[in-house]
Q: 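Here it is, the structure, as structure tokens.
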Amino acid sequence: MTLAPTPGQTVGPFFHYALPYEGDSDLVPIGAPGAIRLHGTVADGAGAPVIDAIIEVWQAGPDGRVVRAAGSLHRDGYTFTGFGRAATDRAGHYSFTTLTPGGVDGGLPFFALTVFARGLTHRLNTRAYLPVPDGADDALLRAAGQRRRTLLTTADADGYRFDVHFQGPDETVFLTTPGERVP
């Protein structure tokens with residue numbers, strides 16, 4: 001007997017009831033020395049805001065070391081863990097209070113982001129590089145070709161902006177993680 005394949009289950013819409021927690025988007029307290037804002041919007045293929053997405057961020061510390069400190073789910077106000085989670089609002093906007101990451105092993109500094117949203121069958125992973133100085137590059141940016149701009153943040157008065165687009169001419173480059181099985 002052969003069973004017919006069925007559609008994969010999506011990641012939403014119930015993840016919003018379990019994933020957010022108090023202080024989730026504050027990797028450091030607002031106003032802490034060196035605090036910056038990483039923010040942007042999440043848009044669907046028509047350019048409409050995605051109002052119920054959740055963004056996770058992983059990042060190195062300002063010294064470029066990968067942070068391995070515990071405490072991401074219960075912030076103590078002192079420990080930088082390099083992990084945070086933010087929900088989008090009614091305008092599709094998300095925001096983190098964090099520190100500027102350093103480059104790991106001399107590489108270009110970036111934020112690693114994961115996006116969860118209703119209708120997706122799997123999480124989406126991407127990188128948000130800090131603005132790249134002239135001549136600086138890495139293998140991922142080279143591989144992205146014309147779409148490398150979708151992997152770059154833009155500096156603003158508070159920190160960095162990074163918009164996520166699911167489809168269209170500005171579609172963000174999404175990545176698979178080694179060993180990860182994507183349906």
Side-chain angles (χ1 to χ4, degrees), residues 11-13 15-16 19-32 34-62 67 72 75 80-104 107-120 122-133 136 138 140-141 144-177:
V11 297
F15 58 90
H16 254 280
L19 294 181
Y21 56 92
E22 186 173 334
D24 57 0
S25 63
D26 297 328
L27 284 72
V28 296
I30 296 171
I36 57 121
R37 184 175 179 220
L38 170 66
H39 69 108
T41 58
V42 179
D44 67 13
V50 177
I51 63 172
D52 57 357
I54 289 185
I55 309 292
E56 290 183 343
V57 64
W58 287 269
Q59 66 170 94
V67 182
S72 293
R75 306 277 189 209
F80 178 72
T81 65
F83 173 81
R85 185 177 287 152
T88 55
D89 61 18
R90 293 188 167 275
H93 188 258
Y94 70 91
S95 181
F96 293 99
T97 303
T98 187
L99 300 173
T100 301
V104 177
L108 296 175
F110 65 87
F111 300 95
L113 299 179
T114 296
V115 182
F116 299 89
R118 178 174 24 101
L120 296 176
H122 201 264
R123 65 185 178 168
L124 301 172
N125 298 306
T126 190
R127 284 185 178 184
Y129 286 89
L130 300 187
V132 178
D138 75 2
L140 179 59
L141 289 175
Q146 299 273 342
R147 296 179 55 215
R148 67 181 271 142
R149 65 183 167 72
T150 72
L151 296 170
L152 300 173
T153 62
T154 55
D156 65 17
D158 298 323
Y160 301 98
R161 180 179 182 100
F162 184 75
D163 295 328
V164 176
H165 299 270
F166 288 158
Q167 295 176 315
D170 296 324
E171 180 180 338
T172 301
V173 171
F174 296 107
L175 311 168
T176 56
T177 303

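Keep in mind that what you see is a predicted model, and the values were worked out from it rather than measured.
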Q: Where is the tightest heavy-atom contact between Leu27 and Gly84, given as atom of each residue plus distance?
A: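 The pair with the smallest heavy-atom distance is CD1-CA, 3.6 Å.
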Q: Can you measure from CZ (Phe96) to CZ (Phe83) and round to the nearest 0.5 angstrom?
A: 8.0 Å
Q: My understanding is that only one of Tyr160, Phe162, Tyr129 makes a side-chain contact (heavy atoms from CB on, under 4.5 Å) with Leu152; could you say which?
A: Tyr129
Q: Within this structure, what is the CZ-CZ distance for the pair Arg127 and Phe111, rounded to the nearest 0.5 Å?
A: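 Between Arg127 CZ and Phe111 CZ, I get 13.0 Å after rounding to 0.5 Å.
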Q: Can you confirm whether the side chains of His39 and Asp156 place a donor and an acceptor under 3.5 Å from each other?
A: yes
Q: Would a distance-only check, ignoring hydrogens and angles, find a side-chain to backbone donor-acceptor pair under 3.5 Å from Arg37 to Ser95?
A: no
Q: Leu124 and Leu120: which non-hydrogen atoms are nearest, and at how many Å?
A: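 So the minimum-distance heavy-atom pair works out to CD1-CD1, 3.8 Å.
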Q: I need the Leu141 CG to Phe110 CZ distance, nearest 0.5 Å.
A: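 CZ of Phe110 is found 10.5 Å from CG of Leu141.
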Q: Measuring from Thr126:OG1 to Leu175:CG, what's the distance to the nearest 0.5 Å?
A: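 Rounded to the nearest 0.5 Å, the OG1-CG separation comes to 5.0 Å.
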Q: Would you please test Arg149 and Asp170 for side chain to side chain contact (heavy atoms under 4.5 Å, CB included) and show each step?
A: CA-CA 9 Å; Arg149 65 183 167 72; Asp170 296 324; 2.9 Å; yes
Q: Return the minimal non-hydrogen interatomic distance between Arg161 and Thr41, and the atom names on each side.
A: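 Closest approach of Arg161 to Thr41: NH2-CG2, 3.5 Å.
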Q: As an exercise, state the distance from CD of Gln59 to CG of Leu130, rounded to the nearest 0.5 Å.
A: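 With rounding to 0.5 Å, CD (Gln59) is 9.0 Å from CG (Leu130).
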Q: At their closest point, which heavy atom of Ala35 faces which heavy atom of Pro29, and how far apart are they?
A: CB-O, 4.1 Å
Q: Please report the shortest heavy-atom distance between Tyr94 and Leu38, naming the atom on each side.
A: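 Minimum heavy-atom separation between Tyr94 and Leu38: CE1-O, 4.2 Å.
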Q: Is there a side chain to side chain contact (heavy atoms under 4.5 Å, CB included) between Thr114 and Trp58? Walk through the geometry before answering.
A: CA-CA 9 Å; Thr114 296; Trp58 287 269; 3.0 Å; yes
Q: Taking the side chain as every heavy atom from C-beta outward, state whether Pro109 and Thr100 have any pair of such atoms under 4.5 Å apart.
A: no
Q: If the test is side-chain contact (heavy atoms from CB on, under 4.5 Å), which one of Asp52, Ile55, Thr172 qualifies with Val42?
A: Ile55
Q: Mind checking whether Thr150 and His165 have side chains closer than 4.5 Å, heavy atoms only?
A: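 No. Closest side-chain heavy atoms not under 4.5 Å.
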Q: Using modelled atom types only, decide if a donor and an acceptor are shared between the side chain of Thr88 and the backbone of Val50 within a distance under 3.5 Å.
A: yes
Q: Among Asp26, Asp24, Thr81, whose side chain to side chain donor-acceptor pair (under 3.5 Å) with Arg75 holds?
A: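 That would be Thr81; it is the only one of Asp26, Asp24, Thr81 passing the side chain to side chain donor-acceptor pair (under 3.5 Å) with Arg75.
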Q: Please report the closest heavy-atom contact between Phe80 and Ala60, naming both atoms and the distance.
A: CE2-O, 4.1 Å
Q: Between CG of Leu99 and CD1 of Ile36, what distance do you get to the nearest 0.5 Å?
A: 7.5 Å
